[in-house]
Amino acid sequence: MKIASFNVNSIKARLPRILHWFDEAKPDVCVLQEIKCIDENFPASEFEDRGYNVEVFGQKTYNGVALLSKHPVEDVIRGVPGFEDEQSRYIEAVILPEDTDPVRVGGLYLPNGNPAPGPKYDYKLAWMEAFTAHAESLLALEEATVLCGDYNVIPEPQGVYAPDKWREDALFRLETRQAFRRILNLGYFEALHHLKPEPFYTFWDYQGGAWDQDKGLRIDHLLLSPQAVDRLVGGDADRAVREPNSGSKETKPSDHVPVWVEIA
DNA sequence: ATGGTGGAGCATCCA
């Protein structure tokens with residue numbers, strides 16, 4: 001089964017492109033970030049028509065996440081447990097495929113944190129600490145778990161086109177990378193980092209011709225529990241989705257591309 | 001000198 005994550009930067013502005021990608025990539029499960037709408041305005045029927053169960057944790061104007069699954073879902077969680085958060089940034093559910101074992105999928109939109117230092121960066125670190133505690137509690141369940149989304153973390157210098165320009169940025173500061181490694185060190189496996197031999201990016205800024213010059217960042221990640229790694233078959237980042245005319249000539253691409261893993 | 005990219009939603013905030 002294919003499990004994907006896609007920061008769409010507004011579901012409304014992106015719908016034709018998202019549906020085009022869904023029809024081609026046919027993910028079994030997909031978590032979306034930055035839907036930028038309240039639950040009632042999510043275009044659920046477009047996905048239900050394609051056979052998906054739709055779970056939304058929306059927010060007006062900013063943030064907002066959703067989880068779409070072709071298989072039945074149970075135990076849906078909205079928000080990181082135990083963390084008081086005014087922003088909609090996390091959704092989780094257990095996926096129950098008919099033909100294979102369950103997989104728990106968490107979809108996250110981790111705070112950007114700029115400017116750093118400052119209150120926004122403090123919020124990012126607090127969010128990461130709460131998420132790390134939750135990730136640790138999930139490992140104790142000994143289930144196949146995939147925690148994926150826009151982590152807003154560049155894990156290593158190879159994940160950014162000009163690391164020296166990004167040293168003080170909230171996405172790349174040492175403190176940020178340390179906090180990300182604490183999640184990995186619990187026992188999570190950063191799937192695409194290990195699957196793909198060459199450095200790659202998942203985000204290109206709209207400004208300054210970043211796409212044309214391939215000035216990107218690797219900030220969308222899929223973290224797998226050991227039980228999920230046992231079933232890991234493959235995965236990739238769908239770079240072509242960032243092309244100006246991919247899927248729709250009338251609308252612009254997201255600044256992120258979808259990332260996905262195949263789980264047996 | 002100014003704007004520079006894009007989305008939400010209507011003045012600015014966020015990324």
Side-chain angles (χ1 to χ4, degrees), chain A residues 5-21 31-43 46 56-66 85-90 107-128 131 148-155 159-163 165-173 175-177 179-180 201-221 237 239 241-259:
Chain A
S5 169
F6 190 4
N7 180 325
V8 296
N9 185 19
S10 168
I11 187 82
K12 191 179 170 203
R14 215 69 60 208
L15 193 58
R17 284 176 182 262
I18 297 169
L19 294 175
H20 182 262
W21 176 74
V31 289
L32 304 176
Q33 299 90 36
E34 283 203 273
I35 60 173
K36 295 186 174 179
C37 68
I38 57 175
D39 293 9
E40 303 86 275
N41 292 344
F42 188 88
E46 298 282 3
V56 183
F57 186 32
Q59 184 184 329
K60 190 183 175 183
T61 311
Y62 304 119
N63 314 309
V65 291
D85 198 347
E86 292 178 359
Q87 306 182 10
S88 302
R89 294 182 174 276
Y90 187 69
L108 60 141
Y109 177 46
L110 207 146
N112 176 295
N114 279 306
K120 288 190 173 182
Y121 191 62
D122 294 341
Y123 170 61
K124 178 177 195 155
L125 293 179
W127 205 100
M128 291 183 86
F131 178 71
C148 53
D150 178 0
Y151 278 76
N152 266 315
V153 174
I154 302 162
V160 49
Y161 63 94
K165 289 182 181 173
W166 286 76
R167 299 280 173 206
E168 300 308 317
D169 191 278
L171 279 62
F172 191 54
R173 316 180 89 207
E175 212 175 345
T176 304
R177 285 186 268 162
F180 183 71
Y201 303 135
T202 66
F203 165 93
W204 294 258
D205 200 289
Y206 289 119
Q207 300 186 63
W211 169 253
D212 293 325
Q213 299 167 66
D214 198 23
K215 292 181 173 177
L217 311 175
R218 185 166 75 84
I219 54 178
D220 298 87
H221 309 298
R239 181 184 167 98
V241 172
R242 188 63 175 79
E243 294 284 357
N245 284 330
S246 156
S248 158
K249 288 175 181 168
E250 293 76 35
T251 60
K252 296 180 167 69
S254 171
D255 39 8
H256 294 252
V257 295
V259 294

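Each chain gets a letter, A, B and so on, in the order the sequences are listed, and its residues count up from 1. Computed from a predicted structure; not experimentally measured.
Residues that satisfy the side-chain hydrogen bond (donor to acceptor under 3.5 Å, both in side chains) test with A:Asn114, not counting sequence neighbours, are A:Asn112, A:Asp169. Under the rule for a salt bridge (charged side-chain N to carboxylate O under 4.0 Å, His left out), the partners of A:Asp214 that lie at least two apart in sequence or sit in another chain are A:Arg239. Applying the side-chain hydrogen bond (donor to acceptor under 3.5 Å, both in side chains) rule to A:Asp85 yields the partners A:Tyr123, A:Trp127; only residues at least two apart in sequence or on another chain are considered. In this view, A:Arg218 and A:Glu156, A:Glu190 satisfy the salt bridge (charged side-chain N to carboxylate O under 4.0 Å, His left out) rule, not counting sequence neighbours. Evaluation of the side-chain hydrogen bond (donor to acceptor under 3.5 Å, both in side chains) rule for A:Trp166 yields A:Tyr161 as partners, not counting sequence neighbours. Remark: A:Glu46 engages A:Arg50 in a salt bridge (charged side-chain N to carboxylate O under 4.0 Å, His left out) (not counting sequence neighbours). In this view, A:Pro16 and A:Ser248, A:Thr251 satisfy the side-chain contact (heavy atoms from CB on, under 4.5 Å) rule, not counting sequence neighbours.
Rounded to whole angstrom, the span from the CG atom of A:Asn7 across to the P atom of B:dG6 amounts to 16 Å. The NZ atom of A:Lys215 sits 19 Å away from the P atom of B:dG4 (whole-angstrom rounding). Regarding A:Asp212, its CG atom lies at a distance of 13 Å from the C1' atom of B:dT5, rounded to whole Å. Spacing between atom CG of A:Leu15 and atom P of B:dG7 amounts to 14 Å, rounded to whole angstrom units. With rounding to whole Å, A:Ile11 atom CD1 is found 11 Å from B:dA8 atom P.
Within the 4.5 Å cutoff, side-chain heavy atoms of A:Pro163 are placed close to those of A:Arg167.
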Do any N or O atoms of the protein come closer than 3.5 Å to N or O atoms of nucleotides 13-15 of chain B, and which pairs are they?
| unit_1 | atom_1 | unit_2 | atom_2 | d |
| --- | --- | --- | --- | --- |
| B:dC13 | O2 | A:Tyr62 | OH | 3.2 |
| B:dC14 | OP2 | A:Lys120 | NZ | 3.2 |
| B:dC14 | O5' | A:Lys120 | NZ | 3.4 |

Identify the pairs formed between an N or O of the protein and an N or O of nucleotides 1-3 of chain B at a distance under 3.5 Å, and give each distance.
none

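A distance of about 24 Å separates the P atoms of B:dA11 and B:dT2, rounded to the whole Å. The P atoms of B:dG6 and B:dA1 are separated by 27 Å, rounded to the nearest whole Å. Atom name C1', nucleotides B:dC14 and B:dG9: the rounded distance is 13 Å, in whole Å.
Applying the 4.0 Å criterion to OP1 and OP2 of B:dG7, one finds that A:Arg14 has a side-chain N or O inside that range.
Interatomic distance, CG of A:Asp255 versus CD1 of A:Ile219, reported as 8.0 Å (0.5 Å rounding).
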